[in-house]
Amino acid sequence: MAKILVTGGAGYIGSHTVLALLNKGHQVVVVDNLFNASYESLVRVQKLANKSLTFAEVDIRDKAALSQVFAQESVDAVIHFAGLKAVGESVQKPLAYYQNNVEGTLTLVEVMKQHQCYHLVFSSSATVYGEANQPPYIETQPLGNPTSPYGKTKAMVEQILMDVAASDQRFKITNLRYFNPIGADISGDIGEDPNGIPNNLMPFVAQVAVGKREKLAIFGDDYPTKDGTCLRDYIHVSDLAQGHVDALNWLFNQQEGCCEAFNLGTGDPLSVLDIVRGFEQYSEQKIAFEIAPRRSGDLPAFWADSDKARSQLQWTPVKTLQDMMVDTWRWQSKNPNGY
Ligand code: NAD
Ligand code: WQD
């Protein structure tokens, strides 16, 4: 078993991944500045796993503080979630996004090098495929030119990590391209807890169900899709978390330096209306909605070709649409105000 440092480990995907790591018997050191998370998520993760972890409230851009964590812990690998993720906000505040996501990663990799830690799993996104590539997205397609500064930071970091791996054969890196993570741990004790009005579909639907929002605005029903609403590849966060455990195993088995991209999606496209109807069916809650104009920047349809992750990482997503809906509702109804 290994000691894994998880940046952003108190956040939505990070907390589920930390739980999966602890359940596998790994030791975990979380580094998070709690900018978009609460320490309570980690209290609950430790309770669920019945194991403890080490927590450092550190900003990854603080090189001295980060270096101190590496000096105290003998870290075998890093999973790097820390960053800002709101697409719309990134258009308003591009510098904050480049500083957090790009500069933060540069600092992290420099510190890893100083401490001879060479295994890295990076949180990338399907957004790196940009607008020009046709779905299903496959890793052999070139990096696109994402429209938002957020998306650009992900494509830039992937590029930087490829250059780092090419320059130093000791580095073994995976760029995991997440599609649309939704759902929550089956316990209903950890889940997605956005600040303010949710930008993403699933937390918005869940907040309508719990009475915090009046109705959902569906952004456009005139797309060239089966029901006119956009198609996405929704992936259960616990399957996504397992993808990180599998990516780590893969990295530990590599003989040579590498930097490989893997799509983490199911490969099954679902429409916005599929999600609304699915949630209503499996949670037995009515979701009020109206059709609103298209949201700027939305692509009509994208989903993953997930064969590479399935065959090389031996990753198998197992959760169904029903699991995604039931688990989202369990988390939201048990924790109407989040953590
Ligand atoms: P999140 O906001 O819940 O988690 C990110 C965590 O990083 C938070 O706990 C936050 O406090 C921390 N953080 C931010 N900046 C930091 C810094 N400078 N130093 C230390 N900690 C910092 O987001 P999430 O949904 O769990 O996403 C995790 C990662 O996955 C992000 O990099 C995101 O871009 C990427 N991603 C997310 C999605 C998605 O839909 N949720 C999709 C694709 C990729
Ligand atoms: C899904 C669908 C909306 C909210 C974003 C990022 C992507 C990745 C995942 C980080 C779309 C529709 C949404 C609402 C709606 N994140 N919608 N009403 O835009 O596919 O992806 O999150 O990397 O990079 O771009 O996800 O959940 O915002 O939207 O109708 O109130 O739901 O138009 O069709 P998206 P989303």
Side-chain angles (χ1 to χ4, degrees), residues 6-18 30-39 41-42 56-62 65-66 79-88 90 96-97 99-101 103-105 107-108 122-129 146-148 150-151 153-154 157 175-182 191-195 197-205 207-208 213 215-221 223 225 229-235 237 240-241 244 264-265 270-276 289-303:
V6 183
T7 76
Y12 172 45
I13 306 169
S15 55
H16 288 81
T17 303
V18 169
V30 170
V31 170
D32 198 305
N33 64 1
L34 299 182
F35 177 78
N36 196 38
S38 152
Y39 180 68
S41 65
L42 295 176
E57 188 173 341
V58 162
D59 191 301
I60 56 163
R61 293 165 295 174
D62 182 342
L66 189 60
I79 305 182
H80 177 31
F81 294 104
L84 302 180
K85 63 162 181 177
V87 174
S90 77
Y97 277 71
Q99 276 165 359
N100 250 284
N101 296 5
E103 195 184 316
T105 306
T107 305
L108 172 68
F122 171 61
S123 294
S124 188
S125 165
T127 191
V128 301
Y129 287 101
T147 45
S148 72
Y150 165 74
T153 68
K154 292 291 174 190
V157 169
N175 290 323
L176 301 184
R177 297 174 178 165
Y178 314 154
F179 281 67
N180 287 58
I182 62 171
E192 186 168 14
D193 182 18
N195 276 327
I197 303 172
N199 298 307
N200 297 112
L201 177 63
M202 200 69 244
F204 202 107
V205 168
Q207 290 196 8
V208 172
R213 311 271 158 213
K215 61 181 158 190
L216 170 75
I218 294 185
F219 299 138
D221 69 348
Y223 286 98
T225 60
T229 66
C230 295
L231 299 177
R232 295 289 183 271
D233 185 334
Y234 295 92
I235 170 85
V237 66
L240 191 65
H244 294 72
L264 294 183
L270 293 171
S271 73
V272 178
L273 281 170
D274 287 334
I275 292 292
V276 172
F289 69 83
E290 65 183 3
I291 304 299
R294 290 181 177 194
R295 182 173 69 178
S296 151
D298 275 343
L299 295 176
F302 62 84
W303 64 96

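Computed from heavy atoms alone, side chains included, the values below leave out hydrogens, waters and symmetry copies. Counting starts at 1 for both ligands and their atoms, following the listed order. Please read these numbers as outputs of a predicted model, since none were measured by experiment.
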Shortest protein contact, [atom] (heavy atom only):
| atom | result |
| --- | --- |
| atom 36 (P) of ligand 2 | N200 ND2, 3.4 Å |
| atom 33 (O) of ligand 2 | D298 OD2, 2.6 Å |
| atom 27 (O) of ligand 2 | L201 N, 2.9 Å |
| atom 17 (N) of ligand 2 | F219 CD1, 3.6 Å |
| atom 28 (O) of ligand 2 | R295 NH2, 2.9 Å |
| atom 2 (C) of ligand 2 | Y234 OH, 3.6 Å |
| atom 10 (C) of ligand 2 | Y150 OH, 2.9 Å |
| atom 34 (O) of ligand 2 | C230 CB, 3.0 Å |

Give yes if a backbone or side-chain nitrogen or oxygen of [X] is under 3.5 Å from a nitrogen or oxygen of ligand 1, and no if not.
| X | result |
| --- | --- |
| G11 | yes |
| L84 | no |
| F35 | yes |
| N33 | yes |
| I60 | yes |
| V31 | no |
| S125 | no |

With a 4.0 Å cut-off on heavy atoms, is F289 in contact with ligand 2?
no

With a 4.0 Å cut-off on heavy atoms, is R232 in contact with ligand 2?
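The answer is yes, since R232 has a heavy atom less than 4.0 Å from ligand 2.
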
For [X] and ligand 1, answer yes if some heavy atom of the residue is under 4.0 Å from a ligand atom, otherwise no.
| X | result |
| --- | --- |
| T7 | no |
| P181 | yes |
| S124 | yes |
| T127 | no |
| E192 | no |

If the cut-off is 4.0 Å to any non-hydrogen atom of [X], which atoms of ligand 2 fall inside it?
| X | value |
| --- | --- |
| N180 | 20 (O), 21 (O), 26 (O), 35 (P) |
| I218 | 30 (O) |
| L216 | 14 (C), 18 (N), 31 (O) |
| V87 | 6 (C), 25 (O) |
| T127 | 24 (O) |

Heavy-atom nearest neighbour of atom 24 (O) of ligand 2 within options P181, S125, P300, P203
S125

Tell me the nearest of K85, E57, H16 to atom 23 (O) of ligand 1, using heavy-atom distances.
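Among K85, E57, H16, the closest heavy atom to atom 23 (O) of ligand 1 comes from K85.
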
Does the N or O separation between A217 and ligand 2 drop below 3.5 Å for any pair?
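Yes, A217 has an N/O under 3.5 Å of an N/O on ligand 2.
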
Heavy-atom donor-acceptor pair, [X] side chain to [Y] backbone, under 3.5 Å:
| X | Y | value |
| --- | --- | --- |
| S90 | S148 | no |
| S41 | A10 | yes |
| N33 | I60 | no |

Are any of the side-chain heavy atoms of H80 and V157 separated by less than 4.5 Å?
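Heavy-atom side-chain distance check fails, nothing below 4.5 Å.
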
Could R61 and E103 be called an ion pair, given the rule that one side-chain N must be under 4.0 Å from one carboxylate O?
no

Where does the angle between the aromatic ring planes of Y97 and Y150 fall among parallel (under 30°), tilted (30 to 60°) and perpendicular (over 60°)?
perpendicular

What are the atoms of ligand 1, with element, lying closer than 4.0 Å to any heavy atom of A37?
9 (O), 11 (O)

Near F35 CZ, under 6.0 Å, is it more than 12 heavy atoms from other residues, nucleotides or ligands?
no

N101 contact mode with ligand 1 (heavy-atom cut-off under 4.0 Å):
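Neither part.
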
Distance-minimising heavy-atom pair for N199 and A86
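That would be ND2-CB, 3.8 Å.
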
For the ring pair F81 and H16, is the centre-to-centre distance below 6.0 Å?
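For F81 and H16, the ring centres are not under 6.0 Å apart.
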
